[in-house]
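First the structure, in the form of C-alpha cells, and then the observations on it.
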Amino acid sequence: MNYKNITIILTLLLLITFFLWLPEPEMGPKKSDINNEITLITSSTVFDGDLWSAATDIAFSNGLIVEVGTNLLSKYKNAKVINGKGKTIIPGLIDAHTHAWGDALEKAVKFGVTTELDMFTNNAFAITQRQSRVNNQQNTQQADLFSAGTLVTSPDGHGTEYGFKIPTIEDASQAEEFVLSRIEEGSDYIKIVYNATSRWMPSINKETLQALIKSTHTHGKLAVVHISDYDSALHAIEAGADGLVHSFMDETDMQPLVTLMSTNAQFVIPTLSVMDSMVGKENSQQLISDFTNQGVDLNSEKAQLTAKLSETHNASASKQAKLNVNIFLKAGVLILAGTDAPNPGTAHGISLHGELALLVQSGLTPTQALQAATSNPAKAFKLTDRGFLKVGMKADLLLLNDDPRANITNTRKINSVYKNGFLIKKSDKSLANKKITQPIKLADFDTDLNSALATQWMITTDEMFKGKSSAQLKRVNSSTGAFIHITGKIDPQFSFPWAGIYLPMAKSNNLGVDISGMVSINFKAKGKAGDYKLLLFSTNQPMRPIEIIFTVTDSWEDIHLLLEQVPQGLLQSISAIALVAGSNHDEIKISFDDIWLL
C-alpha cells in the first residue's frame, strides 16, 4: 500500500477499548443464552464452502452444525423449522483484513461477516475478544476476532503514526525477542510491515524481514506481510512469508512472484476496496443503495463509505490492480477477500460485499469469490471450525434471498444471519437517543454512586489489559455532604496508563443521550496538582473519545468545561463520560463532587 496516502484510522487509545467493552450498567452479570434445541433450515440451495447442492437441509444445535443432508425433518421432528425453499445458504463470511475496535464486530455481523481477521489494533481490544470466539454456545451478537495485535515495524515506520506508542524493531538481532513478545501478548499471527525502497516511510531491511519470518515459523505462527509494491512483495515471498495482506498496482512481469506463491501455497489478500479508495475510485453508491433499498439503516456507515483516501481519480491504477489480481488467479495463487476496513471508503461488514464484487470484476467467478470470503481464509489461517457448512463446524451462516452464482451482488440480499446458531437481531431504528434539555445532576455522592440517569459511577484502570495501574474509590463525609476520593498508582511501563472514574450515560453501551442542547459539564475537584482529562464517548465517533483537558490544584475549585468546543453531531449521542489521570501522573489522588450537566 502507498504509505503516503493511506491512513488507517487507528487513533484508538487503550482507554477506548475499555470503555466500549465495559459490562452493561445493569447490576449483576448477564446470563448466557444457551440454545439446546435443534434448528433446521429446509430445502435450500447450499454452498458449503467448496461445493453447491440443491434442496438441502441444515440442522444445527449448541452452536454447531449437526447434519447436512436431505429429508432431515423426519429425523428431527421436534426441531425449530425454517423453510428455506427458494433461498440460498452460505457460510458466515470472513473478512481477512480489518482493523477492529469499539462496536466494529457488532456492525460486521449484521452484514453476515461472522469472523474478522484483524491486522493491527490495540492489543487490549484483542484480549477482550479471544475468549468469546471459542464458546460455541454464546449468543454474542457479534463477529469473532482473530488478531495480529501489534504489528511489526521499524522506528517511525508505518504503524507508528496513529497517536499511540507501539514497540518497534531496529535490526535482525532483535527478531526473536520481538516475535516472542507478540506471541506472549496473544497475537494469533504476526504481521510485518516491509517496504523494499522505504520511499514513503522508514522500513525494516530485508535481513530483518527474513529473521522475523524465520522466528515466527519457529514458534508455529503464520507470518503475513504488508507490502505496497511488486519488489516488496517478491522479497516477502522469497523470505517465506505465508501471505501478503495487500496486493499492488505496479504494471510489471509478475511471473517470478506468482510462480513462487503457487508452488509454495502462499496467499494474497488484495484489499481492492481500499486500493480503489487510494486512487479516488467511487464504489460505495451502489452498495449503499442495495442495502438501503432493503430498509437497512446505514446512517453510521455512509460517511465512512463515501470518503476516499484520494480525491484524484486514477482509473488506470484501479484497472491495473484488478489485472494483477487476475494474474494471481490464473497462476493458482490462493486469494482471500479482505477490505482493510474501516479505512476511508470502507466500513465493517458491508464493505466485504463490495470487495466480492471487485473480485468478480477481476476475473473470479462468483463461486471463487465466495470461497475467497469463506473456505480460503479458513484454510490459509488454519481456522478449523469455520469457513465451511459441514458437520462439527460453527453454525455461522447466511440465508440469502437470491443465489449469488447468478450475480455476486445477491450476497447483499440477506434474509437472516446466524452466529453460533443464534439469529442476529436486526438494528432497531426506533431506538432514538434521549435528549436532555434541562440541567441534570450526574452525582453529588451524598448517599451513593448513582447518577440521575439511573446509572452508576465506577472505577476504571488499565489493569484488565495487563497494565498495573490501580485505583480505589471511597465516599468521604464532610460537613457539607459526601464526596468521592480516588487514590492509586499509575503504571509507567504501560503504553497508555490510566485511572479514574467512569459513568455510562445509557443502559446500553451502544446507545447514547443527546446533550447537544447543553452548555457545560461542571464539577468540583481537588487533588494532586496537574492536568486531567474529561472523556466524552460518542456513538457517532466510536474510534476515539472527545478529550477536554482540565487542571486541578490541591484546593477545591469549580471546574466548568464548555461543550461548545465539541461538534454538535457528536454531542447528539454520548454513551459515557470519564474523568481520568494518565501518563503525566505517577499516582492518582483526586476528589470530585457535585457533577452537573448544565
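Below, each value reflects all heavy atoms present in this structure, side chains not excepted, and no hydrogens, waters or symmetry copies.
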Show the nearest heavy-atom pair for residues [X] and [Y], with the distance to one decimal.
{"X": "S187", "Y": "A148", "result": "OG-O, 2.7 Å"}
{"X": "T460", "Y": "V580", "result": "CG2-CG1, 4.5 Å"}
{"X": "G92", "Y": "L398", "result": "CA-CD1, 3.6 Å"}
{"X": "D593", "Y": "A482", "result": "OD1-O, 3.3 Å"}
{"X": "I269", "Y": "A96", "result": "CD1-O, 3.4 Å"}
{"X": "S469", "Y": "D491", "result": "OG-N, 2.8 Å"}

Inset, instruction - Run the numbers on E355 and S273 for side chain to side chain donor-acceptor pair (under 3.5 Å), then give the verdict. - result: CA-CA 6 Å; E355 186 74 18; S273 298; 2.5 Å; yes
Are [Y] and [X] an aromatic pair, judged by ring center distance below 6.0 Å?
{"X": "F291", "Y": "H353", "value": "yes"}
{"X": "F483", "Y": "W556", "value": "yes"}
{"X": "F523", "Y": "F550", "value": "yes"}

Inset, instruction - For L400 and K413, run side chain to side chain contact (heavy atoms under 4.5 Å, CB included): C-alpha distance rounded to whole Å, both residues' side-chain angles, the deciding distance at 0.1 Å, then the answer. - result: CA-CA 6 Å; L400 304 175; K413 298 179 180 179; 5.6 Å; no
Legend entry - Neighbour count above 12 (heavy atom, 6.0 Å) for Q565 CD: yes
Inset, instruction - For atom NZ of K441, decide whether the heavy atoms of other residues, nucleotides or ligands shown that lie under 6.0 angstrom number more than 12. - result: yes
Any heavy-atom pair between the side chains of [Y] and [X] that's under 4.5 Å?
{"X": "N401", "Y": "K87", "result": "yes"}
{"X": "H226", "Y": "K191", "result": "yes"}
{"X": "K528", "Y": "D586", "result": "yes"}
{"X": "L536", "Y": "L570", "result": "no"}
{"X": "I574", "Y": "S538", "result": "yes"}
{"X": "F120", "Y": "V245", "result": "no"}
{"X": "L473", "Y": "L449", "result": "yes"}
{"X": "N450", "Y": "T447", "result": "no"}

Side-chain donor/acceptor of [X] to backbone N/O of [Y], under 3.5 Å:
{"X": "N522", "Y": "L598", "value": "no"}
{"X": "S470", "Y": "G488", "value": "no"}
{"X": "S575", "Y": "F537", "value": "yes"}
{"X": "E557", "Y": "V552", "value": "no"}
{"X": "D554", "Y": "G527", "value": "no"}
{"X": "H348", "Y": "K107", "value": "no"}
{"X": "N420", "Y": "Q138", "value": "yes"}
{"X": "T121", "Y": "A100", "value": "yes"}
{"X": "R386", "Y": "D396", "value": "no"}
{"X": "K110", "Y": "K425", "value": "yes"}

What's the spacing between [X] [atom1] and [Y] [atom2] if we round to 0.5 Å?
{"X": "I486", "Y": "I588", "atom1": "CD1", "atom2": "CD1", "value": "6.0 Å"}
{"X": "L534", "Y": "I521", "atom1": "CG", "atom2": "CD1", "value": "5.0 Å"}
{"X": "I436", "Y": "L442", "atom1": "CD1", "atom2": "CG", "value": "7.5 Å"}
{"X": "M505", "Y": "I577", "atom1": "CE", "atom2": "CD1", "value": "5.5 Å"}
{"X": "L579", "Y": "F592", "atom1": "CG", "atom2": "CZ", "value": "4.5 Å"}
{"X": "K524", "Y": "D594", "atom1": "NZ", "atom2": "CG", "value": "5.0 Å"}

Inset, instruction - Given side chain to side chain contact (heavy atoms under 4.5 Å, CB included), test D144 with K419 step by step and report yes or no. - result: CA-CA 9 Å; D144 289 339; K419 178 76 186 81; 3.0 Å; yes
Legend entry - Short N-O contact, D188 and R133, less than 4.0 angstrom: yes
Inset, instruction - Before accepting this row, confirm whether a basic side-chain N of the pair D448/R475 lies closer than 4.0 Å to the acidic partner's carboxylate O. - result: no
Inset, instruction - Given side chain to side chain donor-acceptor pair (under 3.5 Å), test T271 with H246 step by step and report yes or no. - result: CA-CA 6 Å; T271 60; H246 294 292; 2.8 Å; yes
Inset, instruction - Report yes or no: do T487 and Q472 form a side-chain donor-acceptor pair below 3.5 Å? - result: yes
Inset, instruction - Tell me, with the steps shown, if N135 and T140 meet side chain to side chain contact (heavy atoms under 4.5 Å, CB included). - result: CA-CA 9 Å; N135 187 343; T140 63; over 6 Å; no
Inset, instruction - Show your reasoning for whether side chain to side chain donor-acceptor pair (under 3.5 Å) applies to Q294 and D290. - result: CA-CA 7 Å; Q294 300 175 69; D290 286 345; over 6 Å; no
Side-chain donor-acceptor pairs of residues 274-282 under 3.5 Å, sequence neighbours excluded:
residue	atom	partner	partner atom	Å
D276	OD1	S318	OG	2.6
D276	OD1	K322	NZ	3.3
D276	OD2	N283	ND2	2.7
D276	OD2	K322	NZ	3.2
S277	OG	L309	N	2.9
S277	OG	P344	O	2.7
K281	NZ	N283	OD1	3.4
E282	OE2	S284	N	2.6
E282	OE2	S284	OG	2.9
E282	OE2	Q285	N	2.7

Legend entry - Candidate list T39, V417, N139, test side-chain contact (heavy atoms from CB on, under 4.5 Å), partner F422, passing option: N139
Inset, instruction - Apply side chain to side chain contact (heavy atoms under 4.5 Å, CB included) to I459 and I501, showing your working. - result: CA-CA 5 Å; I459 279 288; I501 55 173; 4.3 Å; yes
